[in-house]
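Remarks on the structure that follows.
In this text, all values refer to a predicted model and were calculated from it rather than measured experimentally. Numbered from 1 within each chain, the chains take letters A, B, ... in sequence-line order.
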Amino acid sequence: MVEHCLRYRDDEPVGDPAVTVDAFAVQGNATAVRIEPGDDARALLPALDRIALIEINFPSYGDGRGYSAARILREHGYAGELRAVGDVLIDQLSHMRRCGFDAFAPDKPITPDAADKALATWPEVYQKTVDGRSPIWALRHGR
Amino acid sequence: MKILTGNDLGSGHVVWWDGQGWSRHVHDAVDVGDAADTILAAEEAARRVNASYAISATKGADGTVRPDHIKDRIRALGPTVRPDLALQPSDPHSGNWVI
Amino acid sequence: MYQYDQYDQAMVDARVEEFRGQVARRMAGEITEDQFKPLRLKNGLYLQLHAYMLRVAIPYGTLNGRQMRMLGDIADKYDRGYGHFTTRQNIQYNWIKLEDAPQILADLATVEMHAIQTSGNCIRNISSDHFAGAAADEVVDPRPYAELLRQWSSFHPEFDYLPRKFKIAVIASDTDRAAMRLHDIGIQIVKNDAGEIGARFYVGGGMGRTPMIAPVIREFVPALQMVSYAEACLRVYNRYGRRDNKYKARIKILVHEIGADEYRRQVEEEFAHILTLGLEPPQAEFERIAAFFADPGLESGLADGYDRSDPDFAVWADQNTTPHKQAGYRAVVISLKPAGGIPGDATADQIRLMADLAEVYSLDELRVTHTQNIVLPHVKQSDLYALWQKLDAAGLATANLDLIGDIIACPGLDYCSLANARSIPLAQKISARFAEPERQRALGELKLKISGCINACGHHHAGNIGILGVDRKGTENYQLLLGGSEAADTSLAQIVGPGFSEDGIVDAIETVTNVYLAQRAEGERFLDTYRRLGMAPFKEAIYG
Ligand code: HEM
Ligand code: SF4
């Protein structure tokens with residue numbers, strides 16, 4: 001399942017299968033959850049410190065709800081693995097990384113070299129997000 | 001008749017299937033019968049055409065080919081408001097062919 | 001005007017290189033058209049009727065002579081000698097080769113221009129008041145706010161795959177010259193009772209198949225929270241905007257379906273959270289941007305008034321120039337609507353001439369208007385006559401601003417693959433029918449707008465007279481609409497009745513104008529008479 005996974009974290013991958021958001025609500029001891037585009041990521045906020053892996057599914061690359069879900073989770077302090085799965089294409093990796101994803105399991109494998117190149121697309125960034133990079137406006141004013 | 005059209009991948013030129021390859025002139029278009037899907041799949045895969053599709057057209061007694069829909073006639077001719085940019089800018093009556 | 005620093009330049013250069021790689025992958029067959037299409041669209045490259053079409057962004061419609069000259073040079077070098085200025089204050093080229101596209105973007109980058117996010121389901125080029133910085137009635141210059149938003153929205157990682165396209169307009173006066181309330185977000189910069197500057201947010205306007213006028217979502221967002229508020233508005237949309245049906249995917253449908261109050265509640269909740277994250281650029285950054293716009297170099301102490309002894313010149317000056325905030329200046333509108341011409345088209349030579357004239361006469365500034373004309377915003381009144389002579393010699397001095405000849409028309413079926421009918425030939429016929437300048441002036445302000453299909457790129461819903469092209473059993477047919485306005489008194493035009501052929505609609509328009517002339521009260525514009533009388537007398541005269 002994690003064969004084609006690109007990971008940008010040092011800890012051991014979680015082996016547990018991810019449960020749906022609905023299932024997680026009733027069997028709250030699962031440590032891995034999978035968010036579909038229509039799910040409300042906020043439902044997980046009370047339990048973030050117990051979760052080690054959140055998969056966010058992109059059934060088609062054009063459905064961008066997962067980007068907001070990812071940022072919301074990180075903005076509320078989620079520190080576990082955040083993995084984009086499904087129709088994840090190389091041209092989306094850098095934006096996904098900026099929204100807090102630190103693992104990718106694309107349907108069509110992406111080589112680590114190609115991914116590194118894609119992640120380096122933008123020399124700087126205009127917005128402050130959850131990736132810790134200083135936005136251009138901060139660099140301009142020496143912060 | 002059923003004919004095939006699309007755009008050249010690199011140049012974007014409007015092109016028509018002439019039986020062997022892609023011509024810029026609609027009157028070179030040939031009837032493909034029910035072979036449209038096969039030809040288009042092969043040609044798209046080889047990147048000899050882009051955004052291709054099959055349309056119906058009518059062959060005139062003089063051998064000219066007239067796509068049934070106005071949109072494809074405008075593609076064949078060029079913008080009706082710029083006859084100077086048409087493939088054959090010298091033909092003053094080409095605009096009438098569109099409508 | 002804003003100037004890039006090394007960061008802005010690096011971002012645009014990075015984009016050019018990214019796109020060069022994507023085009024190479026497509027040409028080599030490493031990616032399919034399905035995969036490539038969204039990538040090229042994010043760089044403004046469509047496949048249209050005759051070739052690829054490139055849409056170049058002109059942020060908030062402002063550009064300098066050097067940039068304008070580059071637009072002319074691109075038209076010559078990579079296209080067929082002309083370009084089309086659009087209602088979204090952009091320029092489109094119709095005959096682009098995919099192979100050339102990366103190099104065109106590279107050329108544009110040398111003059112701080114790009115085609116980023118001019119298509120696709122992302123935040124599009126931000127539009128603004130074409131008289132910004134010159135208008136006497138503005139609270140402040142809206143462009144620094146628009147530039148702040150341009151940077152925020154460029155390559156925004158969360159909002160690149162929205163349910164649908166997203167258009168923002170920023171203005172700063174009560175007179176709306178940007179159709180602000182017909183945008184996904186319309187922002188009016190205002191001053192509150194305490195004298196502080198802030199942003200009034202209108203959300204959920206748009207044209208297309210379901211035209212809607214945006215309601216106010218917040219009366220006053222402090223200027224230094226504008227980016228955070230916009231972020232909240234977009235996040236709610238990205239999460240809850242409809243994705244099941246692309247015709248219902250615009251934010252206007254979300255706001256309409258859940259109601260402005262519920263949308264506001266959700267935005268406010270998100271906003272409260274976002275404020276805790278410190279996403280807002282600091283005051284110092286706003287001031288850095290604003291400094292670029294502060295002083296274009298206007299002279300003070302000039303007197304108002306100029307020599308009007310040439311009657312042709314006087315007519316043009318009355319019609320096509322407007323008051324300036326600085327004494328001794330006027331803002332000049334160059335009409336791209338000669339009688340019988342193609343609205344919004346300009347040749348490479350005309351584009352370069354306008355660039356030259358901007359450098360000589362308008363402190364090196366030009367604007368593109370949403371009515372598809374060009375503005376020289378800062379012209380000394382003492383230079384008006386010389387300027388007019390040069391424009392006149394180049395066929396650019398048509399004196400028809402806001403008259404019936406000043407038609408907005410989308411490219412229609414002559415260029416657009418989505419069209420039902422042609423728009424341009426109709427615009428040509430109408431402007432030829434009403435070519436007589438006295439006749440146009442007698443009709444007064446009359447905004448006529450034509451779209452070749454329901455997508456409404458030609459703003460037909462907002463026309464005093466609107467025309468919509470439809471397909472009736474394979475032939476072109478046109479519907480007539482009356483009573484729209486995109487100014488501060490925004491209203492949507494209503495369909496009069498059954499459609500017409502191309503010649504039929506020109507006759508119907510003439511009938512409509514005759515009713516107006518016969519019935520108007522002292523001082524009434526066409527729109528005023530229509531609003532007073534309603535549809536009935538017009539309908540009666542056309543079909544009766
Ligand atoms: C020729 C290529 C073009 C294509 C394929 C195209 C496509 C579209 C589509 C599909 C919509 C409807 C969007 C919706 O309602 O969700 C639309 C709206 C719009 N387009 Fe275009 N357009 C083109 C050219 C233009 C041009 C040349 C202009 C300016 C003259 C323009 C300005 C607009 C505006 C102002 C809207 C409308 C309003 C809104 O945002 O609701 N477009 N376009
Ligand atoms: S209104 Fe329709 S025909 Fe006109 S440009 Fe837009 S999509 Fe094309």
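- With a 4.5 angstrom heavy-atom cutoff, A:Gln127 touches chain C only via side-chain atoms.
- Within the model, atoms CZ of C:Phe159 and OH of A:Tyr67 stand 12.5 Å from one another, a figure rounded to the nearest 0.5 Å.
- Proximity to chain C at a heavy-atom threshold of 4.5 Å picks out A:Ile90, A:Asp91, A:Gln92, A:His95, A:Arg98 from residues 85-98 of chain A, in numerical order.
- Here CE of C:Met11 is found 8.0 Å from CD of A:Glu124. Values are rounded to the nearest 0.5 Å.
- Side-chain N or O atoms of A:Lys128 include one that pairs as donor or acceptor with a backbone N or O of C:Leu277 at under 3.5 Å.
- For the pair A:Lys108 and C:Gln35, the minimum side-chain heavy-atom distance is below 4.5 Å.
- Under 4.0 Å is where a charged nitrogen must lie from a carboxylate oxygen, and between C:Glu158 and A:Arg65 no such pair does.
- Judged as a side-chain hydrogen bond (donor to acceptor under 3.5 Å, both in side chains), and not counting sequence neighbours, the contacts of C:Asp13 are C:Gln9.
- We find that C:Glu18 and A:Lys117 are not joined by a salt bridge, their nearest charged nitrogen and carboxylate oxygen being 4.0 Å or further apart.
- Taken to the nearest 0.5 Å, the CG atom of A:Asp63 stands 12.0 Å off from the OH atom of C:Tyr161.
- Interface residues of residues 29-49 of chain A toward chain C, defined by a heavy-atom distance below 4.5 Å and sorted by number: A:Asp40, A:Ala41, A:Arg42.
- Residues A:Tyr126 and C:Ser153 form no side-chain contact, since every pair of their non-hydrogen atoms from C-beta on lies 4.5 Å or further apart.
- Side-chain contact between A:Thr121 and C:Glu17: absent, with no pair of heavy atoms (C-beta onward) separated by less than 4.5 Å.
- Using the six-membered ring where Trp is involved, C:His273 and A:His76 have ring planes that are parallel, under 30° apart on the 30 and 60° scheme.
- A:Thr111 meets the side-chain contact (heavy atoms from CB on, under 4.5 Å) test with A:Asp113, A:Ala114; sequence neighbours excluded.
- Between A:Trp137 and C:Pro282, some side-chain heavy-atom pair lies under the 4.5 Å cut-off.
- Residues A:Trp122 and C:Phe155 form a side-chain contact, since some pair of their non-hydrogen atoms from C-beta on lies under 4.5 Å apart.
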